[in-house]
Colleague: 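Would you mind keeping the following structure in view while I ask a few things?
Values in this document were obtained by computation on a predicted structure and should not be read as measured data. Only heavy atoms go into these numbers, but all of them, side chains included; no hydrogens, no water, no symmetry mates.
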Amino acid sequence: MKKTTLFFLLASMASVEASAGGYLTNTNQNAAFGRNLSQEAMIDIMATYANPAGVGFLAPGWYLALSNQSAFQTRTIESSFGNDLFRNGKVNGIDNNSGMKTYKGTATAPLIPSFDVAYVRNRWSLALHFAISGGGGKCEFDDGLGSFESQVAILPVLANALKPGAVAGYSFDTYMKGRQYYFGTQLTGSYKVTDHLNVAVGLRMVNASCAYEGYVKNIGLQVNTPQGVVPMSAADFLRQGGMGEMAAMVADRVIDCTQSGTGFTPVIGIDWRINDQWNVAAKYEFQTKLTLKNSTASVTNADGTTSQLNAGLSEYNDGAEIRADIPAILTLGVQYSPVRQARINVGGHLFFDEQATQHANRHEKLNGPGWEITAGAEYDINKLLTVSAGWQNTNYGLGKNSEFISDLSFVTNSNSVGIGARLHLSKKVDLDVSYFKTLYSHYERTQADYNYVKAGLLAKVNALTEQMQAAVPQLQAAAGAGNAEAAAQLQALQQKGAALAPMAAGLNSLNTSGYDNFTRTNDVIGVGVSVKF
């Protein structure tokens, strides 16, 4: 019960992808990306990640590039549950005023750094690239989410089945915060097979660092009394109704867990510089096998025992290992220069998401691979200034009513547009400034049983009923033999069974359908400098 209903809400805490790219991969790994979102066939120190084979076509010498991006994001979900079941709630002391609720999370990542170092000599080159290759920020939901609240909003139905008309509403306190950073350090070597063809081989080390904090506390019911509506602990209400066995399911739940892991990504690339006008490039990043290991905080109880702050979920047990592979990626790009001052780029990315193993086989819920198409152009106005703009269209293989996403962690199809400039401060120093904005589509989803609330509670009620029924014959025999204690236990068991039957009936007849409308915003500002020594 505790793992599938009321507190499954903490099973996949939120993180933020402050970027364009796949659901686990950032493609904006430097400030220059924001001013031209199509870098797949660019030959530039700032394109070391996007086109590692292109580095070999730079003029011989040393190169250094440093940049930072600042990302600002919101996540918004409009949710409804059953026949206005959210209307009678109070969250963090604030009354709900509608059956359709809007939940909003904010995320900021002021520092998304990256750097590149490259050395080019004759036919050989070597490049080092560092960036936040996945994640890149924090996300906070101060007032919970529909998946949180639906688990509590159904409690009045159970309470009124136990004691008809006793409960007018519910209340609880909640908060959650997630952080996710995947640090990528990549070393690539390349070789010019001919004057027009360069190949590259590299290896990226990915260091994952994630942290999740959250709680659901003080779950209560608004109880009708002759003196009016008064608040009461949900656990106390169940105990007073003779259902103390169910009180544990409404106890406080807290999570305080960090995760870390290391994986390795082989990378291969090729760049065909046909002539001064045309350049074609491709890159393949192999799947990264990544396992995250939990480090979960504990508290000391009044009786001297300790309890892990894992919200009662084995997935967040201290020391548990969670699979979180990063998908393989294939990228293709073409650059065309109609005149010396202008360059036009187009490209595409294919993410092999369905083959990347996720915890609980979540990847199997995808309907297809993710993919992107990009386009960009830049123009040298004079020796001091280059202006540019770009576009990227991102699509995920979600299908309709996808179970791959949740309000805790979701992606939607999007279009990103960016603008910027490169200032040529000297013959060897360039300054990039950029801004790009992602325009996300809305993804609407309906569920016949919202977050499996009914199924989970019915499973608990049915399990208790079966346990009681199994104990009845033995107690009846003992009571018939004159055992007074057995007779008292039998009477208590029959009373509980009489309460469970209407609970099950009430749940079966309850409309637990739900609706979510997901969308996001994302704004990224970038500044970078590159130097040739």
Side-chain angles (χ1 to χ4, degrees), residues 11-29 49-50 52 129-137 139 178-188 201-212 257-269 283-296 313-317 319-331 349-372 394-399 402-406 408-412:
S12 57
M13 302 292 287
S15 62
V16 55
E17 302 81 27
S19 66
Y23 74 91
L24 282 176
T25 306
N26 293 349
T27 54
N28 62 315
Q29 294 198 18
Y49 162 76
H129 169 74
F130 170 82
I132 297 177
S133 58
C139 192
R179 170 180 62 77
Q180 184 186 69
Y181 290 99
Y182 283 15
F183 301 98
T185 305
Q186 177 177 312
L187 182 64
T188 307
V201 177
L203 185 67
R204 180 185 308 128
M205 180 173 66
V206 178
N207 298 103
S209 176
C210 311
Y212 310 112
C257 177
T258 60
Q259 296 177 327
S260 60
T262 300
F264 295 90
T265 311
V267 179
I268 57 175
K283 180 185 68 168
Y284 183 75
E285 298 184 9
F286 291 81
Q287 179 175 318
T288 308
K289 292 186 177 180
L290 182 63
T291 298
L292 304 177
K293 186 173 182 180
N294 294 343
S295 177
T296 305
L313 297 161
S314 60
E315 178 183 350
Y316 292 95
N317 283 348
E321 296 186 345
I322 307 300
R323 192 71 175 269
D325 289 359
I326 300 172
I329 308 169
L330 174 65
T331 72
H349 310 147
L350 180 64
F351 300 90
F352 297 87
D353 299 328
E354 296 169 290
Q355 287 75 46
T357 302
Q358 302 297 303
H359 179 72
N361 295 320
R362 178 170 168 249
H363 59 287
E364 296 179 355
K365 297 177 181 178
L366 286 164
N367 198 45
W371 55 271
E372 292 177 321
T394 302
N395 293 268
Y396 300 97
L398 299 177
S402 177
E403 293 187 8
F404 178 79
I405 64 174
S406 70
L408 286 157
S409 179
F410 68 88
V411 291
T412 70

Colleague: What is the distance from atom CD1 of Ile405 to atom OG1 of Thr412, rounded to the nearest 0.5 Å?
Modeller: 8.0 Å
Colleague: Side-chain contact, heavy-atom cut-off 4.5 Å: His363 with Thr357?
Modeller: yes
Colleague: With side chains defined as the heavy atoms from C-beta onward, is the minimum distance between Tyr316 and Ile322 less than 4.5 Å?
Modeller: no
Colleague: Hey, could you give me the OG1/CG distance between Thr185 and Leu203, rounded to the nearest 0.5 Å?
Modeller: 10.5 Å
Colleague: Determine whether a donor-acceptor pair (N or O, by modelled atom type, separation under 3.5 Å) exists between the side chain of Thr288 and the backbone of Leu290.
Modeller: no
Colleague: Which pair of heavy atoms, one from Ala208 and one from Leu292, lies closest together, and at what distance?
Modeller: CB-CD2, 3.6 Å
Colleague: Check whether any side-chain heavy atom of Asn26 sits under 4.5 Å from a side-chain heavy atom of Ser133, and report yes or no.
Modeller: no
Colleague: Heavy atoms, side chains only, cut-off 4.5 Å: are Leu366 and Tyr396 in contact?
Modeller: no
Colleague: Which value, rounded to the nearest 0.5 Å, describes the distance between Lys365 atom NZ and Leu398 atom CG?
Modeller: 13.0 Å
Colleague: Can you confirm whether Glu285 sits close enough to Phe351 that some side-chain heavy atom of one is under 4.5 Å from a side-chain heavy atom of the other?
Modeller: no
Colleague: For a 4.5 angstrom cut-off between non-hydrogen side-chain atoms, does Thr265 reach Val206?
Modeller: yes
Colleague: Using a 3.5 Å distance criterion without hydrogens, assess whether the side chain of Asn294 forms a donor-acceptor pair with backbone atoms of Glu315.
Modeller: yes
Colleague: What's the separation between atom CG in Leu350 and atom OH in Tyr284, rounded to the nearest 0.5 Å?
Modeller: 9.0 Å
Colleague: How close do Thr296 and Cys257 get, counting heavy atoms only, and between which atoms?
Modeller: OG1-SG, 3.5 Å
Colleague: Within the structure provided, determine whether Glu354 and Pro369 are in side-chain contact (heavy-atom separation under 4.5 Å).
Modeller: yes
Colleague: When rounded to the nearest 0.5 angstrom, what is the spacing between NZ in Lys283 and CG in Leu330?
Modeller: 10.0 Å
Colleague: How about Ile326 and Tyr182: do any of their side-chain heavy atoms sit closer than 4.5 Å?
Modeller: yes
Colleague: Specify whether Tyr181 and Phe183 have parallel, tilted or perpendicular ring planes, treating 30° as the upper limit for parallel and 60° as the lower limit for perpendicular.
Modeller: parallel
Colleague: Minimum heavy-atom separation for Ala320 and Ser314, please, with both atom names.
Modeller: CB-O, 4.0 Å
Colleague: Distance from Ile329 atom CD1 to Asp353 atom CG, nearest 0.5 Å?
Modeller: 8.5 Å
Colleague: Quick one: do the Thr258 and Arg179 side chains pair a donor with an acceptor below 3.5 Å?
Modeller: no
Colleague: Does the side-chain contact (heavy atoms from CB on, under 4.5 Å) test come out yes or no for Arg204 and Phe286, once each step is laid out?
Modeller: CA-CA 10 Å; Arg204 180 185 308 128; Phe286 291 81; over 6 Å; no
Colleague: For Phe264, what residues pass the ring pair (Phe, Tyr, Trp, His ring centres under 6.0 Å) criterion, not counting sequence neighbours?
Modeller: none
Colleague: Testing the basics here: between Gln287 and Gln355, what is the closest heavy-atom pair and its distance to 0.1 Å?
Modeller: OE1-O, 3.0 Å
Colleague: Please lay out, stage by stage, how Gln358 and Asp325 fare under the test side-chain contact (heavy atoms from CB on, under 4.5 Å).
Modeller: CA-CA 6 Å; Gln358 302 297 303; Asp325 289 359; 4.3 Å; yes
